[in-house]
Colleague: 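Could you have a look at this structure, given as structure tokens, before my questions?
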Amino acid sequence: QAQLIESGGGSVQAGGSLRLSCSHSGAKYYGYCMAWFRQAPGKEREGVGSIYTGGGSTRYADSVNGRFTISQDKANNTVYLQMNSLKPEDTAMYYCAAKPPNWSCTGLEISDFRDWGQGTQVTVSS
């Protein structure tokens with residue numbers, strides 16, 4: 001199993017930017033579907049987007065498409081979530097997650113993700 005550690009959360013004003021990092025260790029990095037999820041107080045956890053660490057293909061939820069970008073640094077086994085034009089409704093705990101190796105990266109079903117980080121808080125004020 002992979003160990004995932006998020007960092008980079010914080011507080012920012014609306015319109016600002018933050019970059020979250022997810023460090024992946026404990027298993028080979030290549031060939032994973034890794035994703036970012038978020039959970040706001042009183043709401044269900046939702047998928048933000050995903051990246052396949054093999055080819056680098058990415059997918060995004062409609063709510064963040066065009067504002068958020070997922071990228072990776074293969075040399076450091078790290079996935080990033082660059083968040084621009086942040087809105088108060090982006091306020092949530094953000095989690096990094098990984099499916100078992102070589103699983104398809106076409107969906108963001110929470111139950112498909114085996115490994116989870118501890119989360120990092122993002123707060124956007126108006």
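Keep in mind it's a predicted model, so treat the numbers as computed, not measured.
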Colleague: When rounded to the nearest 0.5 angstrom, what is the spacing between OG in S126 and CD in Q13?
Modeller: 9.0 Å

Colleague: Output the distance between atom CZ (F68) and atom CG (L18), rounded to the nearest 0.5 Å.
Modeller: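 Reported to 0.5 Å precision, the distance equals 9.0 Å.
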
Colleague: How long is the gap from CZ on R38 to CG on L81, to the nearest 0.5 Å?
Modeller: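 Rounded to the nearest 0.5 Å, the CZ-CG separation comes to 9.0 Å.
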
Colleague: Do T91 and Q121 make a side-chain contact, defined as non-hydrogen atoms from C-beta onward lying under 4.5 Å apart?
Modeller: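 When only atoms from C-beta onward are counted, Q121 and T91 do touch, with a gap below 4.5 Å.
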
Colleague: What distance do M83 atom CE and W36 atom CH2 have between them, rounded to the nearest 0.5 Å?
Modeller: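 Output value for this atom pair is 8.0 Å.
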
Colleague: Parallel, tilted or perpendicular: which fits the ring planes of F113 and F37, with parallel below 30° and perpendicular above 60°?
Modeller: perpendicular

Colleague: Determine whether more than 12 heavy atoms belonging to other residues, nucleotides or ligands lie under 6.0 Å from atom CD of E109.
Modeller: no

Colleague: Starting at CD1 of I5, measure out to OG of S21 and round the result to the nearest 0.5 Å.
Modeller: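 Result: 11.5 Å between the selected atoms.
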
Colleague: Could you check whether any side-chain N or O of E6 sits under 3.5 Å from a backbone N or O of Q118, counting only pairs where one atom can act as donor and the other as acceptor?
Modeller: yes

Colleague: Step by step, work out the side chain to side chain contact (heavy atoms under 4.5 Å, CB included) result for Y60 and T69.
Modeller: CA-CA 8 Å; Y60 300 94; T69 302; 3.7 Å; yes

Colleague: Under the 3.5 angstrom rule, does the side chain of T53 hit a backbone N or O of G31 as a donor-acceptor pair?
Modeller: yes

Colleague: Quick one: does NZ or CZ of R45 land under 6.0 Å from the six-membered ring centre of W116, within 45 degrees of the ring axis?
Modeller: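 The answer is yes; both the distance and angle limits are met.
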
Colleague: Could you tell me the separation between the NE2 atom of H24 and the CG atom of N76, rounded to the nearest 0.5 Å?
Modeller: 13.5 Å

